[in-house]
Amino acid sequence: METKRVKIEDTARIHDRELLEAAEILREGGLVAFPTETVYGLGANALDEAAARKIYEAKGRPSDNPLIAHVADPEDVEALVEYIPENGRKLMEAFWPGPLTMIFPKSPAVPYGTTGGLDTVAIRMPSDPVANRLIALAGVPVAAPSANTSGRPSPTTADHVWQDMNGRIDMIIDGGPVGIGVESTIVDVSCRIPTVLRPGAITMEMLREVLGEVKIDPAILGPMGADMKPKAPGMKYKHYAPKAELTLVEPAEGQGED
Ligand code: AMP
Ligand code: MG
């Protein structure tokens, strides 16, 4: 497959014509990599099971690792979920658009191919203007994990995506380097006490300020016991594995702490 590359000339002034072909590819079940404020994502129509399957193939991602559905507007959540818990509404108001993903009970519209067989769905509204406009033009929620092969570092430039995904996907939108480089925080709002399933750009303190009580999934805090299962299935897989040697330098005694 030939991978097209489209450069957004000025991300402060996006012209719809730069994104129309990508939106069409998404609607028709193809794969498009695009910038978000966290990392580059690899997008497919979240309501199209066959399209979601292509993401798993292109990334070599285990099929029990569910995808996050990205929306362009908080109102787009309604069709994807059974209901929106009060805590979910509070977090949307506080942190959307932004690097916060929430877990909701899914509606029948969302295929199990997107949720890795779970009855819940992960949803986020990105703040990146390219991502937002692309999703709005596609007119469908866009499932988008990071645009790298599984186990490799998440890409923060279109060149990184190109190196990893050229020939495996339909298009790469180049919107320049992305800002955060760390993935979204995942919070399960489908349980009574909201629970952090993956730490990320929105911190525990920020969440507690809005919600009061917030728990953290014990499976992500330390070495996992055999009987422990993280509630975000992806947390059991290897992350951030650069192809380089890593040297850890320990400070001499009495140094390095402040
Ligand atoms: P990625 O998009 O590759 O950064 O990873 C998505 C993360 O979201 C993985 O850790 C998934 O396990 C997690 N995730 C997606 N959907 C759900 C869900 N319904 N319940 C729990 N975790 C989820
Ligand atoms: Mg990833």
Side-chain angles (χ1 to χ4, degrees), residues 31-44 46-47 49 52 54-71 77 80-85 88 98-126 128 131 135 141-156 160-161 164-165 178 180-191 194-202 215-221 224 228-241:
L31 298 183
V32 177
F34 60 94
T36 79
E37 70 275 26
T38 54
V39 299
Y40 268 75
L42 178 57
L47 302 180
E49 194 142 23
K54 288 187 195 166
I55 290 183
Y56 289 96
E57 280 162 19
K59 280 181 64 85
R61 180 175 172 108
S63 62
D64 68 343
N65 189 359
L67 305 172
I68 296 172
H70 293 68
V71 295
V77 173
L80 308 179
V81 304
E82 279 294 324
Y83 65 97
I84 301 178
L100 180 77
T101 297
M102 279 178 268
I103 308 293
F104 298 94
K106 84 170 191 70
S107 78
V110 183
Y112 284 111
T114 298
T115 69
L118 299 174
D119 287 314
T120 50
V121 58
I123 308 179
R124 155 169 130 78
M125 175 181 170
D128 182 281
I135 298 164
V142 176
S146 48
N148 51 280
T149 44
S150 254
R152 297 271 302 129
S154 301
T156 54
H160 293 165
V161 180
D164 229 14
M165 288 289 161
V178 299
I180 300 179
V182 169
E183 278 139 329
S184 62
T185 304
I186 303 180
V187 183
D188 187 351
V189 291
S190 72
C191 42
T195 306
V196 171
L197 307 189
R198 176 175 78 179
I202 303 286
K215 286 197 306 190
I216 186 152
D217 183 13
I220 63 175
L221 283 178
M224 254 188 278
M228 260 195 183
K229 228 169 120 188
K231 282 181 74 191
M235 294 301 284
K236 66 177 180 282
Y237 294 111
K238 186 167 84 167
H239 253 78
Y240 302 122

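All heavy atoms count here, side chains included; hydrogens, waters and symmetry mates do not. Indexing begins at 1, ligand by ligand and atom by atom, following the structure's order.
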Open item on the list: Distance check, rounded to the nearest 0.5 Å: T114 atom OG1 versus K106 atom NZ?
Closed with: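 One gets 9.0 Å once the value is rounded to the nearest 0.5 Å.
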TODO: Calculate, to the nearest 0.5 Å, the distance between atoms CG and CD1 belonging to L197 and I103 respectively.
DONE: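 Output value for this atom pair is 5.5 Å.
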- [ ] Counting heavy atoms only, name the option from G41, A122, P145, P105 that's nearest to atom 2 (O) of ligand 1.
- [x]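 It is P145 that holds the nearest heavy atom.
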Open item on the list: Which option wins on minimum heavy-atom distance to atom 4 (O) of ligand 1: R198, K231, K59?
Closed with: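 Looking at heavy atoms only, R198 sits closest to atom 4 (O) of ligand 1.
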At less than 4.0 angstrom from any non-hydrogen atom of [X], what atoms of ligand 1 do you find?
X	answer
N65	9 (C), 11 (C), 12 (O)
T120	18 (C), 19 (N), 20 (N)
L118	18 (C), 19 (N), 20 (N)
I186	7 (C), 8 (O), 13 (C)

Open item on the list: Using the side-chain hydrogen bond (donor to acceptor under 3.5 Å, both in side chains) criterion, which residues pair with K231? Sequence neighbours excluded.
Closed with: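 For K231 the side-chain hydrogen bond (donor to acceptor under 3.5 Å, both in side chains) partners, ignoring immediate neighbours, are D188.
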Open item on the list: Counting only heavy atoms closer than 4.0 Å, does ligand 1 sit against the backbone of I103, its side chain, both, or neither?
Closed with: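 Within the 4.0 Å criterion, I103 contacts ligand 1 through side-chain atoms alone.
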- [ ] For K106 and ligand 1, answer yes if some heavy atom of the residue is under 4.0 Å from a ligand atom, otherwise no.
- [x]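 It does not; every heavy atom stays at 4.0 Å or beyond.
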Task: Under the side-chain contact (heavy atoms from CB on, under 4.5 Å) test, residues paired with A131 that sit two or more places apart - done: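 Expected list: F34, T36, P126, D128.
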- [ ] Would you check if T120 and T115 make a side-chain contact, meaning some heavy-atom pair closer than 4.5 Å?
- [x]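 Not in contact.
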- [ ] Output, in order, the C-alpha distance, side-chain angles, deciding distance and verdict of salt bridge (charged side-chain N to carboxylate O under 4.0 Å, His left out) for R124 and E183.
- [x] CA-CA 12 Å; R124 155 169 130 78; E183 278 139 329; over 6 Å; no
